[in-house]
Amino acid sequence: MRAVGLSTASYSLLMHVHVYPGLNGAELGRRLGVSTQAVALLATKLEAGGLVERRTHPRHRNIQELYLTDEGHRTLQAAYQHVGRVEDKLTDALGPEDARHLRDLLDTVIAALADTE
């Protein structure tokens, strides 16, 4: 992710805000498995970088919702392209069958770790 100027945590937050625009910090924290405070710190950094914006919830003025800015969309698109190139490189190195097997193994690891929380 450094190639596009993002940390892994920033990339994850941007992906979630893209897929679920308008999430607040508490909702994002639950989805990302981190504290609301961690989300707030990261969101502040991304907001300062022009990648996300906070908007006041229409009915609850104390709740701030997060949305991608145009620059956030461009940066996320660049990140997706970078990830695609990395995946292509792995597939070339491993071959299609072993790359698929690796994805299956990683899915199993993720599922196992999710069960321990």
Side-chain angles (χ1 to χ4, degrees):
M1 287 296 110
R2 282 191 203 130
V4 293
L6 294 175
S7 67
T8 303
S10 296
Y11 175 64
S12 294
L13 190 140
L14 291 177
M15 281 192 329
H16 278 80
V17 172
H18 173 70
V19 174
Y20 307 105
L23 285 180
N24 63 47
E27 292 168 328
L28 275 167
R30 281 190 290 278
R31 289 178 185 273
L32 295 171
V34 299
S35 69
T36 302
Q37 293 81 3
V39 170
L41 289 170
L42 187 52
T44 297
K45 181 178 176 184
L46 293 172
E47 185 178 32
L51 302 179
V52 298
E53 65 180 354
R54 289 181 168 119
R55 298 181 195 163
T56 302
H57 188 281
R59 291 184 306 273
H60 306 285
R61 66 175 185 221
N62 293 333
I63 296 176
Q64 297 289 305
E65 300 173 327
L66 289 172
Y67 294 87
L68 291 183
T69 62
D70 290 343
E71 183 61 26
H73 283 286
R74 284 190 290 275
T75 300
L76 188 57
Q77 185 60 40
Y80 287 153
Q81 291 172 354
H82 177 70
V83 168
R85 287 190 298 273
V86 170
E87 288 177 350
D88 290 346
K89 218 173 175 179
L90 286 173
T91 299
D92 289 346
L94 296 172
E97 187 175 326
D98 284 345
R100 183 189 51 72
H101 185 62
L102 176 60
R103 281 191 297 278
D104 292 345
L105 288 171
L106 290 172
D107 286 342
T108 301
V109 168
I110 291 167
L113 292 175
D115 288 342
T116 63
E117 293 178 8

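Starting from 1, each residue takes its place in the sequence as its number. Not measured: the values here are computed from a predicted model.
Judged by distance alone, with hydrogens and angles left aside, the side-chain atoms of Thr91 form a donor-acceptor pair with the main-chain N or O of Glu87 at under 3.5 Å. Checked by atom type and distance alone, the side chain of His57 pairs as donor or acceptor with a backbone atom of Arg59 at under 3.5 Å.
Within the 4.5 Å cutoff, the side chain of Val83 has heavy atoms near those of the Met1 side chain. Side chains of Leu23 and Leu66 form no contact here, defined as non-hydrogen atoms less than 4.5 Å apart. No side-chain heavy atom of Ile63 sits less than 4.5 Å from a side-chain heavy atom of Thr56. Side-chain atoms of Tyr11 and Leu76, non-hydrogen and from C-beta on, do get closer than 4.5 Å to each other. Side-chain contact between Tyr20 and Glu27 is absent, with no heavy-atom pair separated by less than 4.5 Å. Taking 4.5 Å as the limit, some side-chain heavy atom of Pro58 sits within range of a side-chain heavy atom of Glu65.
Residues satisfying the ring pair (Phe, Tyr, Trp, His ring centres under 6.0 Å) test with His73, not counting sequence neighbours, are His18.
The distance from the CZ atom of Arg103 to the CG atom of Asp98 is 10.5 Å, given to the nearest 0.5 Å.
For the residue pair Ser10 and Leu6, the shortest heavy atom distance occurs at CB-CD2, 3.9 Å.
One hydrophobic cluster, built from ILVMFWY side chains closer than 4.5 Å, cannot hold both Met15 and Tyr67; they sit in different ones.
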Result block: side-chain N/O donor-acceptor pairs under 3.5 angstrom for residues 42-53, not counting sequence neighbours:
{"residue": "Thr44", "atom": "OG1", "partner": "Ala40", "partner atom": "O", "Å": "2.9"}
{"residue": "Thr44", "atom": "OG1", "partner": "Arg54", "partner atom": "NH1", "Å": "3.4"}
{"residue": "Thr44", "atom": "OG1", "partner": "Arg54", "partner atom": "NH2", "Å": "3.2"}
{"residue": "Glu47", "atom": "OE1", "partner": "Arg54", "partner atom": "NH1", "Å": "2.8"}
{"residue": "Glu53", "atom": "OE2", "partner": "Arg55", "partner atom": "NE", "Å": "3.0"}
{"residue": "Glu53", "atom": "OE2", "partner": "Arg55", "partner atom": "NH2", "Å": "2.6"}

- Message: Between Asp104 and Arg100, is the salt bridge (charged side-chain N to carboxylate O under 4.0 Å, His left out) condition met? List the steps.
- Response: CA-CA 6 Å; Asp104 292 345; Arg100 183 189 51 72; 3.1 Å; yes

